[in-house]
Engineer: 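Structure in structure tokens, see below.
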Amino acid sequence: MAGADLDLIRGTLDLLVMRAVSTGPQHGFGIGQWIRQVTQDDLRIEEGALYTSLHRLERRGLLRASWAITEKNRKAKYYELTSAGREALQRDTARWTAYASAMFRVLQTQREAIRLLEQIS
């Protein structure tokens, strides 16, 4: 599905951002790149939405930010998970995994029903 225009399901951007920084501090541009790479370009986060999410997560105490120098020798704000952020990431990951699993079962059932209808037609 690479290159497809996929809309984010409400509430998933914060989870994506927390997952992106879960392995270590990352600046906003790097977070956007990571999401594109991991989703094989299926998800491209607009800069405005990304920074809104980063600021929201920081206000909620799930991320902390500090200034540092990038690999290209530029000053950038780096974000990392707080302990509350790690707990939220675990909780939200479990919830989305259960949701995705349930949706997959529903869609699989739909595919099987279509296959059966095609066989009897």
Side-chain angles (χ1 to χ4, degrees):
M1 214 171 178
D5 288 332
L6 297 178
D7 291 330
L8 286 177
I9 297 172
R10 186 176 180 90
T12 58
L13 180 54
D14 289 355
L15 179 58
L16 290 169
V17 168
M18 288 190 294
R19 177 59 184 97
V21 300
S22 67
T23 59
Q26 187 62 261
H27 51 72
F29 181 75
I31 293 167
Q33 281 186 313
W34 183 88
I35 292 169
R36 275 199 324 270
Q37 288 172 349
V38 168
T39 65
Q40 299 174 357
D41 273 339
D42 281 340
L43 297 179
R44 292 173 177 247
I45 310 304
E46 291 183 23
E47 192 174 304
L50 175 60
Y51 285 96
T52 298
S53 174
L54 287 166
H55 296 147
R56 179 175 48 248
L57 291 166
E58 190 176 8
R59 276 192 313 275
R60 291 177 55 204
L62 304 178
L63 293 182
R64 91 175 117 255
S66 59
W67 291 96
I69 303 299
T70 69
E71 53 281 347
K72 292 188 177 183
N73 207 30
R74 294 185 177 161
K75 191 174 180 182
K77 200 179 228 187
Y78 279 75
Y79 298 88
E80 63 183 316
L81 283 175
T82 62
S83 58
R86 290 200 182 284
E87 290 172 15
L89 176 59
Q90 283 184 309
R91 182 183 59 247
D92 292 353
T93 297
R95 185 172 54 229
W96 275 101
T97 300
Y99 180 80
S101 178
M103 286 298 296
F104 179 77
R105 288 190 303 272
V106 168
L107 296 173
Q108 187 65 32
T109 301
Q110 178 68 22
R111 276 186 242 147
E112 290 170 7
I114 290 171
R115 195 174 316 123
L116 286 173
L117 285 173
E118 288 173 346
Q119 288 176 355
I120 57 176
S121 293

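Sequential numbering from 1 along the given sequence is applied to the chain's residues.
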Engineer: Of the non-hydrogen atoms in Ala20 and Ile31, which two are nearest, and what is the gap between them?
Structural biologist: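 It is CB-CG2, 3.8 Å.
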Engineer: Under the 3.5 angstrom rule, does the side chain of Thr52 hit a backbone N or O of Gly48 as a donor-acceptor pair?
Structural biologist: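 Yes, the answer is positive, given that a donor and an acceptor are paired below the 3.5 Å cut-off.
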Engineer: Can you label the angle between the Tyr51 ring and the His55 ring as parallel, tilted or perpendicular, going by 30° and 60°?
Structural biologist: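 The arrangement is tilted - the two ring planes meet at 30° to 60°.
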Engineer: Atom CZ of Arg19 and atom CG of Leu81: how far apart are they, to the nearest 0.5 Å?
Structural biologist: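 These two atoms lie 10.0 Å from each other.
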Engineer: I'd like to know if Phe29 and Ile35 are part of one continuous hydrophobic network [Ile/Leu/Val/Met/Phe/Trp/Tyr, side-chain heavy atoms within less than 4.5 Å].
Structural biologist: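 They do not share one cluster, since no chain of ILVMFWY contacts under 4.5 Å joins Ile35 to Phe29.
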Engineer: Any side-chain heavy atom of Leu63 within less than 4.5 Å of one from Val17?
Structural biologist: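 The answer is yes; the side chains approach within 4.5 Å.
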Engineer: Give me the atom names and distance for the closest heavy-atom approach of Gly28 to Leu50.
Structural biologist: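 Taking Gly28 first and Leu50 second, the nearest heavy atoms are O-CD2, 3.2 Å.
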Engineer: For the atom pair CZ (Arg44) and CG (Asp42), what is the distance rounded to the nearest 0.5 Å?
Structural biologist: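 Interatomic distance, Arg44 CZ to Asp42 CG, rounded to 0.5 Å: 10.0 Å.
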Engineer: So which heavy atom on Leu13 is nearest to which on Ala49, and how close?
Structural biologist: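 For Leu13 versus Ala49, the nearest heavy atoms are CD2-O, 3.4 Å.
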Engineer: Are Asp14 and Arg60 packed together at the side-chain level, in the sense that at least one heavy-atom pair is separated by less than 4.5 angstrom?
Structural biologist: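 Of all side-chain heavy-atom pairs linking Arg60 with Asp14, at least one is under 4.5 Å.
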Engineer: Main chain of Thr97, side chain of Ser101: is a donor-acceptor contact present, judged purely on distance under 3.5 Å?
Structural biologist: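 Not confirmed, Ser101 side chain does not pair with Thr97 backbone.
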Engineer: Would you say CD of Gln33 has more than 12 non-hydrogen atoms from neighbouring residues, nucleotides or ligands within 6.0 angstrom?
Structural biologist: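 Counting other residues, nucleotides and ligands, CD of Gln33 exceeds 12 neighbours.
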Engineer: Please tell me if the side chains of Leu43 and Thr12 come closer than 4.5 Å, counting only heavy atoms from C-beta onward.
Structural biologist: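 They are not in side-chain contact.
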Engineer: Kindly indicate whether the side chain of His27, heavy atoms from C-beta on, has any atom under 4.5 Å from the side chain of Arg74.
Structural biologist: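 In short, these two side chains do not touch, never coming nearer than 4.5 Å.
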Engineer: Just wondering, more than 12 heavy atoms not from Glu112 lying within 6.0 Å of its CD?
Structural biologist: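 Count over threshold, so yes.
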Engineer: Of all heavy-atom pairs between Met18 and Gly85, which one has the smallest distance, and what is that distance?
Structural biologist: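 Here Met18 and Gly85 meet closest at SD-O, 3.9 Å.
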Engineer: Quick check for you: to the nearest 0.5 Å, what is the distance between Arg59 atom CZ and Leu54 atom CG?
Structural biologist: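 CG of Leu54 is found 11.0 Å from CZ of Arg59.
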Engineer: Any sub-3.5 Å donor-acceptor pair from Arg86's side-chain atoms to Ser22's backbone N or O?
Structural biologist: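 Side chain of Arg86 to backbone of Ser22, a donor-acceptor pair under 3.5 Å: yes, one is there.
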Engineer: At their closest point, which heavy atom of Tyr79 faces which heavy atom of Glu58, and how far apart are they?
Structural biologist: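 For Tyr79 and Glu58, the tightest heavy-atom pair comes out as CE2-OE1, 3.9 Å.
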Engineer: Of all the heavy-atom pairs spanning Thr82 and Arg64, show the shortest one and how long it is.
Structural biologist: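 Thr82 and Arg64 have their closest heavy atoms at CG2-NH1, 3.5 Å.
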Engineer: Hey, are the side chains of Leu89 and Leu15 touching, using non-hydrogen atoms and a 4.5 Å cut-off?
Structural biologist: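 Leu89 reaches Leu15 side chain to side chain.
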Engineer: Would you call Tyr78 and Thr70 a side-chain contact if the rule is heavy atoms closer than 4.5 Å?
Structural biologist: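 Side-chain contact under 4.5 Å: yes.
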